[in-house]
Chemist: 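Can you keep this structure in mind? I'll have questions shortly.
Side chains included, hydrogens not; waters and symmetry mates left out as well; all remaining heavy atoms used.
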Number of protein chains: 2
Amino acid sequence: MSTPCHCVQLRKAARKIGARYDAVLAPVGINIAQFSLLRAVERRQPVSLTELGRTLDLDRSTMGRNVRVVEKLGLVRLDRGEDQREAVVSLSEHGVAVLRVAEPLWERCQRQVADQLGPTRLQLLGELGQLL
Amino acid sequence: MSTPCHCVQLRKAARKIGARYDAVLAPVGINIAQFSLLRAVERRQPVSLTELGRTLDLDRSTMGRNVRVVEKLGLVRLDRGEDQREAVVSLSEHGVAVLRVAEPLWERCQRQVADQLGPTRLQLLGELGQLL
DNA sequence: AATCGTTGCGGGCATATACCCTTTTTTATG
DNA sequence: CATAAAAAAGGGTATATGCCCGCAACGATT
């Protein structure tokens with residue numbers, strides 16, 4: 001028999017948990033990636049795409065596209081920074097409102113997942129990001 | 001302060017580890033998703049798209065598209081099954097050859113990851129799939 | 001044999017993600 | 001100050017992934 005691929009296992013777990021968070025957030029019209037993006041923007045706004053990418057550990061071009069999606073939803077604003085090269089992102093009022101509604105939904109899901117995994121595995125989960 | 005989102009953590013870890021396996025497999029011209037697909041095909045061939053999807057825990061339409069990619073690479077064959085609705089997949093000779101070359105590369109990466117994470121965290125990976 | 005519910009695909013649509021290349025703007029250097 | 005190097009976006013291309021819808025084939029029931 002062959003060992004299961006650690007990467008495949010991890011991806012599978014990520015898909016599953018993602019679907020869960022997505023379902024919880026669906027009533028608000030956003031998914032977990034967008035929720036995470038909005039939170040990151042709120043904490044650092046106004047913030048450039050590059051900095052956002054560094055923060056979320058995503059490719060800059062990925063950031064640009066993901067931001068465009070939430071921009072179309074009217075959740076964030078995109079402006080030019082002082083540095084004319086930068087595109088700086090900030091939450092719109094609508095974005096703030098959506099975030100406020102989404103937060104308790106997310107928290108409930110987060111808690112359920114935490115209970116289901118237990119503190120030990122949660123701890124390990126956090127360590128994965130550091131180690132890889 | 002806000003708790004980090006378990007889902008986001010997991011996705012991030014999955015992206016990172018995925019990039020690693022992808023890099024290792026790049027010389028063979030496939031990525032980890034395709035490697036995993038080829039292995040699944042080899043073990044069950046000839047296998048229908050639906051069954052493959054169930055096996056890999058992927059949406060059937062996703063399976064269809066992913067299979068088409070490796071088909072274009074000449075790694076698998078797609079035929080009609082006895083049941084005329086089914087599209088059955090099997091490895092081509094080239095697919096087998098690529099798999100044989102890819103396996104040792106994958107194994108080395110797999111071992112490195114295992115060493116880096118240690119047994120406890122490795123075990124977590126397996127458990128996540130079950131629990132989520 | 002005609003019909004109807006089920007199953008299996010394929011296509012359309014959308015998001016997430018990454019890599020590469022080009023253009024624009026800034027900055028550092030001679 | 002002029003110019004070259006560096007930084008920031010943006011667009012192109014490609015894969016992975018999921019949902020929904022429609023079509024075709026299969027099987028059971030009448």
Chemist: Taking only the side-chain nitrogens and oxygens of B:Q34, find out if one of them lies under 4.0 Å from OP1 or OP2 of D:dA16.
Modeler: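 Answer is yes, contact under 4.0 Å.
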
Chemist: Which comes earlier along DNA chain C counting from the 5' end, the contact point of B:A19 or that of B:T50, where each point is its nearest nucleotide?
Modeler: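 First, find each residue's nearest nucleotide; the 5'-ward one identifies B:T50.
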
Chemist: Take atom CD1 of B:I32 and atom P of C:dA18, then tell me their distance rounded to the nearest Å.
Modeler: 16 Å

Chemist: Of the nucleotides C:dC9, D:dA9, D:dT17, which one has an atom closest to the side chain of B:L58?
Modeler: D:dT17

Chemist: Write down the distance between NZ (B:K12) and P (C:dA18), rounded to a whole number of angstrom.
Modeler: 11 Å

Chemist: Just verifying a value: how many Å separate A:L99 CG and A:Q34 CD, rounded to the nearest 0.5 Å?
Modeler: 12.0 Å

Chemist: Rounded to whole angstroms, how far apart are CG on A:D83 and P on D:dA9?
Modeler: 8 Å

Chemist: Would you say D:dT13 has OP1 or OP2 under 4.0 Å from some side-chain N or O of A:R65?
Modeler: no

Chemist: Round to the nearest Å and state the distance from A:L56 atom CG to C:dT15 atom P.
Modeler: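 Going from CG in A:L56 over to P in C:dT15 covers 18 Å.
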
Chemist: Atom CE of A:M63 to atom C1' of D:dA7: distance rounded to whole Å?
Modeler: 18 Å

Chemist: Locate the shortest heavy-atom distance separating B:G74 from B:S92; write the atom from each residue and the value.
Modeler: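 Looking at all heavy atoms of both residues, the shortest contact is O-OG, 2.6 Å.
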
Chemist: Using every non-hydrogen atom in the two residues, find where B:V88 and B:G81 come nearest and quote the distance to one decimal.
Modeler: CG1-CA, 3.9 Å

Chemist: Please work out if A:D22 contacts a base, only the sugar-phosphate, or nothing of the nucleic acid, heavy-atom cut-off 4.0 Å.
Modeler: nothing

Chemist: So, does A:T62 get its side chain near the phosphate of C:dA18, meaning an N or O under 4.0 Å from OP1 or OP2?
Modeler: yes

Chemist: Compare every heavy atom of B:A114 with every heavy atom of A:H6, then report the nearest pair and how far apart it is.
Modeler: NE2-CB, 3.9 Å

Chemist: Less than 4.0 angstrom between a side-chain N/O of A:N31 and OP1 or OP2 of C:dT15, yes or no?
Modeler: no

Chemist: According to a strict under-4.0 Å criterion, is B:N66 in side-chain N/O contact with OP1 or OP2 of D:dT17?
Modeler: yes

Chemist: Applying salt bridge (Lys or Arg N to Asp or Glu O under 4.0 Å), run through B:R121 and A:E127 and close with a yes or a no.
Modeler: CA-CA 8 Å; B:R121 299 190 195 83; A:E127 293 167 359; 2.6 Å; yes

Chemist: So which nucleotide from D:dA25, D:dC19, C:dT25 ends up closest to the side chain of B:D59?
Modeler: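 Looking only at side-chain atoms, B:D59 lies closest to D:dC19.
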
Chemist: Closest to the A:S61 side chain: C:dA18, C:dT25, C:dG8?
Modeler: C:dA18

Chemist: Return no unless some side-chain N or O of B:R11 is found under 4.0 Å from OP1 or OP2 of C:dT15.
Modeler: no

Chemist: Could you state the CG-P distance from A:L37 to C:dA16, rounded to the nearest angstrom?
Modeler: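 It is 8 Å, rounded to the nearest whole Å.
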
Chemist: Could you pick out which residue, A:V88 or B:E82, lies toward the 5' side of DNA chain D when each is mapped onto its nearest nucleotide?
Modeler: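 Nearer the 5' end of the strand: A:V88.
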
Chemist: Would you say A:R80 reaches D:dA8's phosphate, i.e. side-chain N/O to OP1/OP2 under 4.0 Å?
Modeler: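 Looking at the OP1 and OP2 atoms of D:dA8, neither is under 4.0 Å from any side-chain N or O of A:R80.
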
Chemist: According to a strict under-4.0 Å criterion, is A:R15 in side-chain N/O contact with OP1 or OP2 of D:dG18?
Modeler: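 Yes, within the criterion.
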
Chemist: Where the side chain of A:V69 is concerned, which of C:dA18, C:dT26, C:dT15 is the nearest nucleotide?
Modeler: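 The answer is C:dT15.
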
Chemist: How close or far is atom P of C:dA16 from atom CG of A:L25, stated in whole angstroms?
Modeler: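 A:L25 atom CG is separated from C:dA16 atom P by 12 Å.
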
Chemist: When hydrophobic residues are tied together by side-chain contacts of less than 4.5 Å, even through go-betweens, does A:V28 share a cluster with A:F35?
Modeler: yes

Chemist: Going by modelled atom types, is there a donor-acceptor pair between the base of C:dC9 and the side chain of B:S48 at under 3.5 Å?
Modeler: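 Such a pair does not exist between side chain and base.
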
Chemist: Could you check how far CG of B:L49 sits from C1' of C:dG11, rounded to whole Å?
Modeler: 14 Å

Chemist: Quick check: any donor-acceptor pair below 3.5 Å linking the side-chain of A:R85 to the base of D:dA7?
Modeler: yes

